[in-house]
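Here the structure comes first, spelled out in structure tokens, and everything after it is commentary.
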Amino acid sequence: PVPSAWHRGSLGEPRDLFALPSARRPPPPPRWPVECEVIKETIEHIEWVPPEPEPFCQPLSHEWPPAPLSEEQGTVVYHLSPVPPGSRFTRARVGGALGPLSSPAVPLEGPQDTTLLFESRFESGNLQKAVKVGPYEYVLTLRPDLYTAKHTQWFYFRVQNTRRDPLYRFTIANLAKPKSLYGEGMRPLLYSQRDAQSRGIGWRRVGTDIRYYRGGGEEPAAFRLSWTVRFPHDGDTCFFAHSYPYTYSDLQRYLRALAGDPVCSQYCAVRALCHSLAGNTIYLLTITSPTGTAAKRAVVLSARAHPGESGSSWAMRGFLDFLLSTHPDARLLRRLFVFKVVPMLNPDGVVVGNSRCSLAGQDPNRAYGTALQGSFPGVWHLRAMVERVLAEREVVLYCDFHGHSRKNNVFMYGCDGGRASTGLRLHQRVFPLMLSKNAPDKFSFPSCKFKVQKSKAGTGRVVMWRIGVSNSYTMEVAFGGSTLGRRNSHFTVEDLKSLGYHLCDTLLDFCDPHPAKFQQCLSEVDTLLQQRLGREPGSGWSDVSPSELES
């Protein structure tokens with residue numbers, strides 16, 4: 001049985017118990033803003049790891065050939081009505097918009113019509129418009145984050161009526177960021193339903209002639225991603241995505257399986273931290289062995305503040321898989337710590353296919369300092385929960401999982417405010433250095449940064465550090481993959497999940513009662529930084545600003 005103390009709201013537990021996962025009933029379906037149309041089909045994908053690494057492709061020049069694509073010369077074959085500019089979120093319901101669905105895709109004229117049929121009105125889907133500009137060529141427009149006019153990055157859509165032989169070209173015409181890993185050899189993901197059903201093959205990297213470049217004279221500037229691809233089958237249903245999707249329903253299915261596991265439920269309590277603006281449950285997991293709780297230190301982890309960063313959910317999934325397992329190290333971790341885990345901070349953004357924002361139309365990871373409970377309930381309740389936990393025990397680590405679109409590998413951002421003593425300033429860098437030793441083919445210590453910039457003052461990492469969590473980090477997981485060791489290849493789902501295991505492993509090293517590993521890493525950090533700045537060993541750090549350490 002679950003220890004009774006957990007039901008009394010100890011350990012910073014919220015007291016409300018609503019919409020909790022149960023093995024006996026299906027999880028509640030997601031709630032959507034009433035402006036969103038939602039198709040009835042359930043979209044699920046199999047998990048699969050390619051047998052061979054998927055290498056980056058050779059980056060092509062950013063200059064586009066002379067003939068620019070023009071939507072005006074084409075035919076609109078898919079178009080969702082945009083949310084009117086300036087509108088705000090008002091209400092949500094299961095299934096989204098009332099009434100019959102519209103028909104955003106043009107009907108086929110017969111079996112000889114090779115036009116692709118597009119669809120994105122499903123969980124986490126994002127595609128606003130498709131224009132056919134050649135027999136097998138399409139210009140695509142993404143939907144901005146709801147109730148904003150920007151943040152176009154995440155895409156995830158379905159195509160049907162495929163042909164196997166032709167070479168298709170797709171160009172997404174309205175991406176927001178000037179720089180992208182697509183310019184460094186990253187390739188988009190394709191999922192073939194027929195390959196999944198007949199051969200057990202899931203998401204794979206595809207595409208040739210991949211280019212990321214500035215579009216025409218639009219203001220503000222829009223950037224374009226273009227790729228060519230051949231589909232594996234005639235008449236298939238396929239999906240394209242920016243990263244491996246992980247939806248709110250995927251999380252609910254996972255939590256439902258936990259609820260049905262009598263062993264897990266002895267040391268994992270699933271509660272509702274709060275409700276999102278749309279009324280979706282934001283879950284909080286408390287994981288610890290039932291004995292000796294009073295003396296334990298706490299570890300707090302969160303993911304998916306930014307909904308388009310789905311790799312962070314796969315890393316979180318790997319962390320939970322390991323921590324809830326019977327592995328001796330997992331048992332030891334549960335005996336030593338109380339884990340507080342919020343696996344999906346922004347479920348509304350995940351449901352509607354946003355890249356960065358919640359339904360408040362703003363970035364939740366800039367709102368920790370000033371968050372209003374009514375606008376950013378997940379952020380507000382997470383911070384309040386950490387404050388309650390800090391009042392009764394040390395929080396040894398806070399880590400917020402994110403995705404990065406411009407740099408490969410995995411790395412961390414920490415907090416060096418320049419005020420602490422020499423020892424404490426270097427301590428910030430020990431956990432990431434240890435993680436780089438435990439995952440040398442994925443984690444890059446030289447890519448880590450520790451300066452607290454003004455623009456990041458409202459992030460979870462900085463605010464948790466300011467309220468008393470001295471080891472407070474953002475873990476950034478590249479959308480692309482690893483350039484470390486002998487690798488030069490994309491991350492698989494298995495790679496992303498392994499980060500969760502490596503984080504557990506590093507936590508044991510970091511908190512080892514025998515200080516040898518910690519001291520060794522501390523001394524290594526000291527030497528690395530002295531070399532970088534060209535200083536004599538043992539010079540001390542009190543006269544060095546965080547900017548200098550970063551340079």
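These values consider heavy atoms only, across backbone and side chains, with no hydrogens, waters or symmetry-generated copies.
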Measuring from [X]:[atom1] to [Y]:[atom2], what's the distance to the nearest 0.5 Å?
| X | Y | atom1 | atom2 | value |
| --- | --- | --- | --- | --- |
| M316 | L496 | CE | CG | 13.0 Å |
| L146 | R88 | CG | CZ | 14.5 Å |
| F401 | E309 | CZ | CD | 13.0 Å |
| F155 | T141 | CZ | OG1 | 13.5 Å |
| L181 | S243 | CG | OG | 11.0 Å |
| L80 | N126 | CG | CG | 9.0 Å |

Does K456 count as lying over the ring of Y413, i.e. NZ or CZ under 6.0 Å from the six-ring centre, within 45 degrees of the axis? yes

Less than 6.0 angstrom from the centroid, inside 45 degrees of the normal: does K497 satisfy that with respect to the ring of Y501? no

Got a donor-acceptor contact below 3.5 angstrom from the [X] side chain to the [Y] backbone?
| X | Y | value |
| --- | --- | --- |
| K296 | R334 | yes |
| N280 | R31 | yes |
| Y368 | W380 | no |
| S124 | V351 | no |
| S472 | V469 | no |
| R143 | V352 | yes |
| T286 | A269 | no |
| R393 | T293 | yes |
| W32 | A92 | no |
| D495 | T492 | yes |

Tell me yes or no: between the side chains of [X] and [Y], is some donor less than 3.5 Å from an acceptor?
| X | Y | answer |
| --- | --- | --- |
| S249 | E123 | yes |
| S405 | K177 | yes |
| S276 | N346 | no |
| R304 | S313 | yes |
| Y246 | H45 | no |
| Q428 | Y473 | no |
| D145 | T148 | no |
| N354 | H151 | no |
| E476 | H402 | no |

Check this for me: R91, atom CZ, are more than 12 non-hydrogen atoms of other residues, nucleotides or ligands nearer than 6.0 Å? no

Tell me, yes or no, whether the heavy-atom count around K407 atom NZ, taken from other residues, nucleotides or ligands under 6.0 Å, exceeds 12. yes

[X] to [Y] - nearest heavy-atom pair and separation:
| X | Y | value |
| --- | --- | --- |
| V463 | A457 | CG2-O, 3.4 Å |
| N408 | G481 | OD1-N, 3.0 Å |
| N174 | L140 | OD1-O, 4.3 Å |
| G308 | W154 | O-CE3, 3.4 Å |
| L251 | M344 | CD2-CB, 3.6 Å |
| S482 | F56 | O-CE1, 3.7 Å |

Are the side chains of [X] and [Y] in touch, meaning some heavy atoms are under 4.5 Å apart?
| X | Y | answer |
| --- | --- | --- |
| Q373 | H381 | yes |
| T288 | F339 | no |
| K442 | H502 | yes |
| K340 | L284 | yes |
| L225 | S180 | no |
| I287 | L324 | yes |
| L175 | Y212 | yes |
| S312 | V477 | no |

Salt bridge check: are [X] and [Y] linked by an N-O gap of less than 4.0 Å?
| X | Y | answer |
| --- | --- | --- |
| E524 | K517 | no |
| E392 | R388 | no |
| E47 | R317 | yes |
| R535 | D526 | no |
| R429 | D416 | yes |

Let me know which of V270, V342, L273 forms a side chain to side chain contact (heavy atoms under 4.5 Å, CB included) with Y283. V270

Take the angle between the ring planes of W227 and F240 and call it parallel below 30°, perpendicular above 60°, tilted in between. perpendicular

So, applying ring pair (Phe, Tyr, Trp, His ring centres under 6.0 Å) with H242, which one of F479, F157, W203 is it? F479

So which of F518, F445, F510, F443 actually passes ring pair (Phe, Tyr, Trp, His ring centres under 6.0 Å) with F431? F510

Given Y398 and S302, is the side-chain hydrogen bond (donor to acceptor under 3.5 Å, both in side chains) satisfied, shown in steps? CA-CA 8 Å; Y398 168 75; S302 55; 3.1 Å; yes

Q362/Y147 under side-chain hydrogen bond (donor to acceptor under 3.5 Å, both in side chains): CA gap, chis, key distance, verdict: CA-CA 9 Å; Q362 292 175 301; Y147 315 115; over 6 Å; no

Steps toward side-chain hydrogen bond (donor to acceptor under 3.5 Å, both in side chains) verdict (H306, N365): CA-CA 8 Å; H306 293 154; N365 198 36; 4.7 Å; no

Yes or no on side chain to side chain contact (heavy atoms under 4.5 Å, CB included) for R466 and V452, after CA distance, side-chain angles and deciding distance? CA-CA 11 Å; R466 292 208 192 281; V452 178; 3.8 Å; yes

Could you check D321 against Y254 for side-chain hydrogen bond (donor to acceptor under 3.5 Å, both in side chains), going step by step and ending with a plain yes or no? CA-CA 10 Å; D321 281 350; Y254 183 77; 2.7 Å; yes

